[in-house]
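Below is one structure, written out as structure tokens; comments come after it.
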Amino acid sequence: MSIDYGKKRTGLAVTDPLQLIAGGLATVSTSELFDYLCRYVEREPVERLVIGEPRQPNGQPSENLARVQQFVNRWRKAMPQIPIEYYDERFTSVLAHQAMLEGGLRRKARQDKALVDEISATIILQDYMRSRK
């Protein structure tokens, strides 16, 4: 499962049991994320979480990194049996918008920030899986 962690909203994606393809799961309010994930891992098998590491294009930490680190620390304390890993998320929002354009989504749909977050999480997970092969 991957997480595109945002200040207000967080996009989530999962993969199939064979870990071949990633797909969007949901976009949830960041304030509800921890409880959502706890409920989800009770129902579904989750091998690990992959969370986007927010960095600026030059590699410097972005403003959101401190919030992501707080979440990661909370997760590691509460759910040590499910590891969480950082993965570089630079340019995922740009790629998500590009995918929406190429997919033929209308302008109104492309402005849906929740959809962008979910697609970004999908890109993070797909790239992560590709990097492990």
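On a predicted model such as this, the values are computed, not experimentally measured, just so you know.
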Taking C-beta and beyond as the side chain, do E118 and L25 meet within less than 4.5 Å on heavy atoms? no
Passing option when I84 is tested against M1, R48, R74, R76 for side chain to side chain contact (heavy atoms under 4.5 Å, CB included): R76
Where is the tightest heavy-atom contact between Q81 and P83, given as atom of each residue plus distance? O-CD, 3.5 Å
Please report the interatomic distance CG(L33) to OG1(T27), rounded to the nearest 0.5 Å. 11.0 Å
Please check if the side chain of S2 supplies one atom and the backbone of I51 the other of a donor-acceptor pair under 3.5 Å. no
For E63, look at atom CD and say whether over 12 heavy atoms of other residues, nucleotides or ligands are found less than 6.0 Å away. no
Nearest 0.5 angstrom please: I119 CD1 to Q126 CD, how far? 13.5 Å
Euclidean distance, N64 CG relative to T30 OG1, rounded to 0.5 Å: 8.0 Å
Measure across T15 and L125 and return the closest heavy-atom pair with its distance rounded to 0.1 Å. N-CD2, 3.7 Å
Does any part of the side chain of L12, heavy atoms only, come nearer than 4.5 Å to the side chain of I3, both counted from C-beta? yes
Are M79 and C38 close enough, and set up right, to give a side-chain contact (heavy atoms from CB on, under 4.5 Å), and what steps lead you there? CA-CA 9 Å; M79 297 282 187; C38 288; 3.7 Å; yes
Ring pair (Phe, Tyr, Trp, His ring centres under 6.0 Å) pairs touching residues 62-87, sequence neighbours excluded, are Y5-F71, F34-W75, Y87-Y128
CG on D88 to CD on E53, rounded to 0.5 Å: 6.5 Å
Contact check, side chains of R55 and L65, non-hydrogen atoms, under 4.5 Å: yes
Look at the side chain of T122 and the backbone N and O of A22, then say whether any donor-acceptor pair between them is shorter than 3.5 Å. no
Cluster link M129 to I82, ILVMFWY, side chain under 4.5 Å: no
To the nearest 0.5 Å, what is the distance between CZ (R9) and OG (S31)? 12.0 Å
Same apolar cluster (I L V M F W Y, side chains within < 4.5 Å links), Y36/V14: yes
